[in-house]
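Heads up, the thing below is written out as structure tokens.
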Amino acid sequence: MAIRMIKSRLSHSSSSSLAYLFQGRNSRVATTAALRYTTSAPIAQDPIKPSVNVEYTKLFINGQFVDSTSGKTFPTLDPRTGEVIAHVAEGDVEDINRAVVAARNAFDEGPWPKMSAYERSKVLFRIADLIEKHNDEIATLETWDSGKLYQQVATIEIPMIVRILRYYAGWADKIHGLTVPADGPYHVQTLHEPIGVVGQIIPWNFPLLMFAWKIGPALACGNTVVLKTAEQTPLSALYVSKLLQEAGLPEGVLNVISGFGPTAGGALCSHMDVDKLAFTGSTDTGKTIMSLAANSNLKPVTLELGGKSPFIVCEDADVDQAVELAHFALFFNQGQCCCAGSRTYVHESIYDEFVEKAKARALKRTVGDPFESGNEQGPQISSEQFEKVLKYIRSGVESGATLETGGDRLGTRGYYIKPTVFSNVKDDMLIATDEIFGPVQSILKFKDLDEVIRRANATKYGLAAGVFTKNIDTANTFMRALRVGTIWINCFDTFDAAIPFGGYKMSGQGREKGEYSLKQYLQVKAVVTSLKNPAWL
Ligand SMILES: NC(=O)c1ccc[n+]([C@@H]2O[C@H](COP(=O)([O-])OP(=O)(O)OC[C@H]3O[C@@H](n4cnc5c(N)ncnc54)[C@H](O)[C@@H]3O)[C@@H](O)[C@H]2O)c1
């Protein structure tokens with residue numbers, strides 16, 4: 001019932017803003033569910049049994065579900081317990097080759113790039129409709145495989161996925177070139193053509209949302225795609241592959257490969273017949289991907305990489321509101337967001353009050369089974385990430401930051417971590433420089449604007465920033481001074497389909513979402529025609 005209510009709010013909302021919806025929900029959750037779990041109580045009860053069967057575990061190549069060439073499979077695990085959900089076909093070099101051949105044929109011989117843009121847009125609209133129709137099954141698979149909150153997936157992420165596919169369906173028949181004035185008797189025009197076969201590699205933190213960000217613009221422009229999912233979260237994209245067929249997407253236009261980075265991912269990046277790559281994941285892997293692209297056929301690459309985003313709370317801020325937004329900016333999605341506000345800078349005049357309240361808010365955070373309505377935090381994605389986050393927590397303590405709350409695992413099984421808050425954090429501590437990707441808030445103190453701008457920019461990353469102030473002049477100063485791809489002022493994590501997203505510096509190259517994403521999936525052809533006796537020049 002609660003889910004229905006939030007759904008209807010979404011359909012009446014003018015924007016699929018994640019922050020708008022989640023914050024509204026948060027306040028209710030905090031008061032009701034806090035009675036059930038506190039962050040110090042062990043997670044005693046058995047995990048809730050998901051209400052779906054895993055039907056699709058094979059690779060999706062040329063419109064068929066097929067075994068891997070090697071016959072190998074790998075297990076995908078439930079982050080609540082570490083137990084196996086299903087064994088999934090493991091794509092390898094040979095499977096990438098098969099998928100690229102299918103995508104090449106679909107591009108060179110098939111109808112997709114040649115059909116009218118309006119026909120393409122109708123297919124994309126049908127895909128969106130089918131995803132919307134199967135919202136609950138998809139959300140269940142996604143939660144089971146990733147540990148994300150069911151309510152978050154079902155009421156926020158899937159509506160956003162549907163929205164982004166409809167957004168790009170709307171773009172399909174509005175993509176066109178220009179007539180260009182030139183010196184001399186020439187008629188000059190540009191044709192905007194699809195690039196060809198696109199390789200896409202996505203991470204585990206938003207498996208199906210990243211899938212939609214990638215395929216939406218690529219398909220709208222008429223490309224064909226080979227997409228490799230993250231090895232931790234293969235299930236939702238396979239389920240959706242079935243829906244793509246049902247929607248009438250021609251065979252070979254979208255191929256989905258489950259498998260590992262260095263093998264399947266590496267083969268896709270190095271493939272001589274892939275015309276473009278798009279990647280979301282860590283900065284280190286981004287470097288590898290660029291070098292594989294450069295060392296093969298110099299295919300262009302767009303990258304969405306890591307971040308260490310500042311969230312700056314100014315002296316004029318309402319402290320209670322700032323605490324709530326800073327908490328959301330960091331802890332949302334178990335802290336597993338590339339743009340997480342993971343350096344909370346607070347003005348010295350309100351620092352002590354802010355730390356006390358941030359600690360109290362973290363203590364109230366409800367952690368538990370992500371299927372349980374009312375929980376605010378589920379488990380981390382995997383044992384590797386779980387260990388990595390705990391290691392960073394230890395390093396925070398060892399380097400002299402003050403551990404205000406949390407700092408340990410929650411319960412004895414699965415990958416749950418207590419919401420953790422550090423104060424007295426210094427800029428050179430690892431917890432302030434590295435992307436932790438977990439529920440660990442680092443609170444730093446600042447004195448004045450110039451100083452905090454300099455410190456906020458002193459990072460190799462440049463993905464996003466949050467600023468919390470009532471002063472328009474202060475907000476305007478930050479808006480221009482911070483070297484990041486997105487600044488949220490008095491909000492955070494607002495991800496409308498039309499808003500471009502991407503990073504400065506080592507947070508990436510290119511932009512996703514919005515009109516900007518289309519450019520990454522188009523070639524521009526200049527056509528110059530000599531004119532005889534032109535009426536005008
Ligand atoms: N920016 C983001 O949205 C984002 C998302 C997930 C993870 N991360 C960061 O990355 C860290 C590690 O997470 P991860 O291990 O899943 O990220 P990763 O970069 O290793 O993996 C992301 C994707 O890249 C693939 N990949 C890995 N190595 C590859 C290679 N050599 N060639 C081609 N593809 C390859 C993976 O299989 C996966 O599909 C996290 O702690 C976090 O800091 C960032």
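Index from 1, following the sequence. When reading the values below, keep in mind they use all heavy atoms of this one structure, side chains included, and skip hydrogens, waters and symmetry mates. Atoms within a ligand are numbered from 1 in the order they appear, just like the ligands themselves.
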Exercise for the section: Tell me, with the steps shown, if K214 and T280 meet side-chain hydrogen bond (donor to acceptor under 3.5 Å, both in side chains). Expected result: CA-CA 9 Å; K214 294 276 181 294; T280 298; 2.6 Å; yes
Handout entry: Closest to atom 42 (C) of ligand 1 among K228, E435, Q380, E384 (heavy-atom distance)
Key = E435
Fill in the blank from the handout: Contact region, Q336 to ligand 1, non-hydrogen atoms below 4.0 Å, reads neither
Practice task
Find out whether the Lys NZ or Arg CZ of K276 is both under 6.0 angstrom from the six-membered ring centre of Y521 and within 45° of the ring's axis.
Solution key: yes
Exercise for the section: Check whether any heavy atom of L268 sits under 4.0 Å from an atom of ligand 1. Expected result: no
Exercise for the section: Tell me which protein heavy atom sits closest to atom 6 (C) of ligand 1, plus the residue, atom name and distance to 0.1 Å. Expected result: P203 CB, 3.4 Å
Handout entry: Pair W488 + F495: ring centers closer than 6.0 Å
Key = yes
Exercise for the section: Give a yes/no on ligand 1: does F279 have at least one heavy atom closer than 4.0 angstrom to it? Expected result: yes
Problem - Residues, nucleotides or ligands: over 12 heavy atoms within 6.0 Å of R483 CZ - result: no
Handout entry: Residue F74 excluded, over 12 heavy atoms near CZ under 6.0 Å
Key = yes
Handout entry: Nearest-contact summary for atom 26 (N) of ligand 1 - protein heavy atom, Å
Key = G261 CA, 3.3 Å
Practice task
Distance to 0.1 Å, residue and atom name: give those for the protein heavy atom nearest to atom 11 (C) of ligand 1.
Solution key: S282 CB, 3.7 Å
Practice task
May I ask you to test the P500-E512 pair for a side-chain heavy-atom distance under 4.5 Å?
Solution key: no
Practice task
Establish, yes or no, whether a centroid distance under 6.0 Å links the rings of F492 and F332.
Solution key: no
Practice task
For atom 14 (P) of ligand 1, decide whether some protein heavy-atom distance is shorter than 4.0 Å.
Solution key: yes
Practice task
Taking the side chain as every heavy atom from C-beta outward, state whether L235 and V54 have any pair of such atoms under 4.5 Å apart.
Solution key: yes
Completion exercise
re atom 16 (O) of ligand 1, the protein heavy-atom contact at minimum distance is W204 NE1, 2.4 Å
Exercise for the section: Measure centre to centre between the rings of Y150 and W144, then say whether the value is under 6.0 Å. Expected result: no
Handout entry: Structural part of Q385 in contact with ligand 1, heavy atom criterion under 4.0 angstrom
Key = side chain
Practice task
Would you check if W213 and F501 make a side-chain contact, meaning some heavy-atom pair closer than 4.5 Å?
Solution key: yes
Exercise for the section: Determine whether the side chain, the backbone, both or neither of F206 has a heavy atom under 4.0 Å from any heavy atom of ligand 1. Expected result: neither
Problem - Under 3.5 Å: N/O of T285 near N/O of ligand 1 - result: yes
Fill in the blank from the handout: Counting heavy atoms under 4.0 Å, the part of D284 that contacts ligand 1 is neither
Problem - Pair E376 + R361: basic N to acidic O under 4.0 Å - result: yes
Handout entry: Heteroatom proximity flag, L292 to ligand 1, N/O under 3.5 Å
Key = no
Exercise for the section: Give the atoms of ligand 1, by number and element, whose distance to some non-hydrogen atom of I202 is under 4.0 Å. Expected result: 23 (C), 38 (C), 39 (O)
Practice task
Report yes if the distance between the aromatic ring centroids of F311 and Y345 is under 6.0 Å, otherwise no.
Solution key: no
Practice task
Enumerate the atoms of ligand 1 whose separation from the nearest heavy atom of I201 is less than 4.0 angstrom.
Solution key: 23 (C), 24 (O), 25 (C), 33 (C), 34 (N), 39 (O)
Problem - Atoms of ligand 1, numbered as shown, that sit under 4.0 Å from any heavy atom of T280 - result: 2 (C), 3 (O), 22 (C)
Fill in the blank from the handout: Here the atoms of ligand 1 under 4.0 Å from any heavy atom belonging to G266 are 32 (N), 33 (C)
Exercise for the section: Would you kindly specify which portion of K388 sits under 4.0 Å from ligand 1, judged on non-hydrogen atoms: side chain, backbone, both or neither? Expected result: side chain
Exercise for the section: Among all protein heavy atoms, pick out the one at the shortest distance from atom 2 (C) of ligand 1; state its residue, atom name and that distance to 0.1 Å. Expected result: C338 CB, 3.3 Å
Problem - Those atoms of ligand 1 less than 4.0 Å from some heavy atom in T288 - result: 31 (N)
Problem - Electrostatic pair E435:K460 at N-O distance under 4.0 angstrom - result: no
Handout entry: Pi-cation contact, F206 with K148 (under 6.0 Å, within 45°)
Key = yes
Exercise for the section: Give the residue and atom name of whichever protein heavy atom lies nearest to atom 36 (C) of ligand 1, and the separation in Å to one decimal. Expected result: E231 OE1, 3.5 Å
Handout entry: atom 8 (N) of ligand 1 [closest protein heavy-atom partner, distance rounded to 0.1 Å]
Key = F437 CZ, 3.6 Å
